[in-house]
Each structure stands twice: as structure tokens, then as C-alpha cells.
Amino acid sequence: MTETIRGDVLHAIPPDELDDEDLSPELRALADSRHVLVIRKGGHPSMLDLVWAFVRRDPIEAVTVVTDRPAEEDEEVTLTVEETDMPGVYVAADAREQTASDDG
């Protein structure tokens with residue numbers, strides 16, 4: 001099932017730097033030659049949002065997305081994604097379509 005995630009890119013790993021990062025073997029295999037983005041869901045929170053999240057003890061959620069689309073840190077992105085078996089890890093629909101076409 002797909003969903004749309006909108007958020008700020010906290011960390012962007014281009015394909016040529018995947019080997020330099022401490023990624024789990026599962027995530028590394030999933031990423032292959034794609035971009036890995038760590039995204040703060042919901043966009044850039046205001047100071048009030050940050051304080052309110054702290055008071056409620058409800059942290060602002062960060063997720064990892066594997067995508068073909070490059071992005072820069074602090075960029076706001078909107079991606080259609082599919083959940084993977086790994087908690088908090090998603091694959092962008094564009095990356096999923098390429099994987100399916102590579103298999104055929």
C-alpha cells in the first residue's frame with residue numbers, strides 16, 4: 001500500500017557514498033545504487049511544534065526513504081512511498097517501479 005510522505009531531508013546519502021555509511025545489510029541491499037534520505041515527517045516544525053512535541057513526549061518522527069530522486073539536506077520533499085519489512089524504512093514508488101522492471 002502506498003502513502004505520501006512530506007518532510008524535510010535531515011540527511012541525504014548519494015549512491016556513490018553508500019559504502020561510506022554505517023547502513024544495515026538489509027538497507028544497503030535495498031538501496032543498491034539509489035539515494036537514501038532520512039526525512040523528518042511533516043516538514044520543518046516551528047519552535048512551538050518542537051516544544052509541544054517535547055512536552056507531550058511525542059518525538060517528531062524521522063523515516064528512511066530509498067529513492068531514485070536526489071535531494072539536498074534541508075530540502076522539503078513530497079514522495080509517494082511503500083513500506084518495507086524494516087520498521088521506519090520506505091521505498092519511493094519510482095524506485096519500486098525500477099526494481100520491478102529490472103526483474104522482468
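- Ala71 and Val9 make their closest contact through CB-CG2, 4.0 Å (heavy atoms, listed as atom of the first residue, atom of the second, distance).
- Between the CG atom of Leu79 and the OG1 atom of Thr67 there is a distance of 5.5 Å, given to the nearest 0.5 Å.
- The pair Arg69-Glu75 counts as a salt bridge, with a side-chain nitrogen and a carboxylate oxygen less than 4.0 angstrom apart.
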side-chain contact (heavy atoms from CB on, under 4.5 Å) evaluation trace for Asp8 with Asp74
CA-CA 6 Å; Asp8 287 338; Asp74 296 323; over 6 Å; no
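- Placement of Val38 and Ile5 in two distinct hydrophobic clusters is found when ILVMFWY residues are connected by side-chain heavy-atom separations under 4.5 Å, directly or transitively.
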Could you go through the side-chain contact (heavy atoms from CB on, under 4.5 Å) check for Val36 and Leu18 one step at a time?
CA-CA 8 Å; Val36 175; Leu18 291 173; 3.6 Å; yes
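- Taking CG from Leu10 and CD1 from Ile39, the interatomic distance works out to 8.5 Å, rounded to the nearest 0.5 Å.
- Within 6.0 Å of the CG atom in Asp85, the count of heavy atoms belonging to other residues, nucleotides or ligands does not exceed 12.
- The number of heavy-atom neighbours closer than 6.0 Å to CD of Glu3, taken from other residues, nucleotides and ligands shown, is above 12.
- The shortest side-chain heavy-atom distance between Leu23 and Ile13 falls under the 4.5 Å cut-off.
- What you find for Val81 and Tyr90 is that their closest heavy atoms are CG2-CD2, 3.6 Å.
- Under the 4.5 Å side-chain criterion, counting only non-hydrogen atoms from C-beta, Leu30 is in contact with Val89.
- Here the OG1-NE2 distance, from Thr64 to His11, works out to 10.0 Å after rounding to the nearest 0.5 Å.
- Between Pro15 and His35, the closest side-chain pair of non-hydrogen atoms falls below 4.5 Å.
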I would like to know whether Arg6 and Glu76 meet side-chain contact (heavy atoms from CB on, under 4.5 Å); could you show each step before the answer?
CA-CA 7 Å; Arg6 186 181 125 273; Glu76 187 170 307; 3.0 Å; yes
Apply side-chain contact (heavy atoms from CB on, under 4.5 Å) to residues Arg28 and Asp19 and explain how you reach the verdict.
CA-CA 8 Å; Arg28 177 67 182 97; Asp19 291 332; 2.8 Å; yes
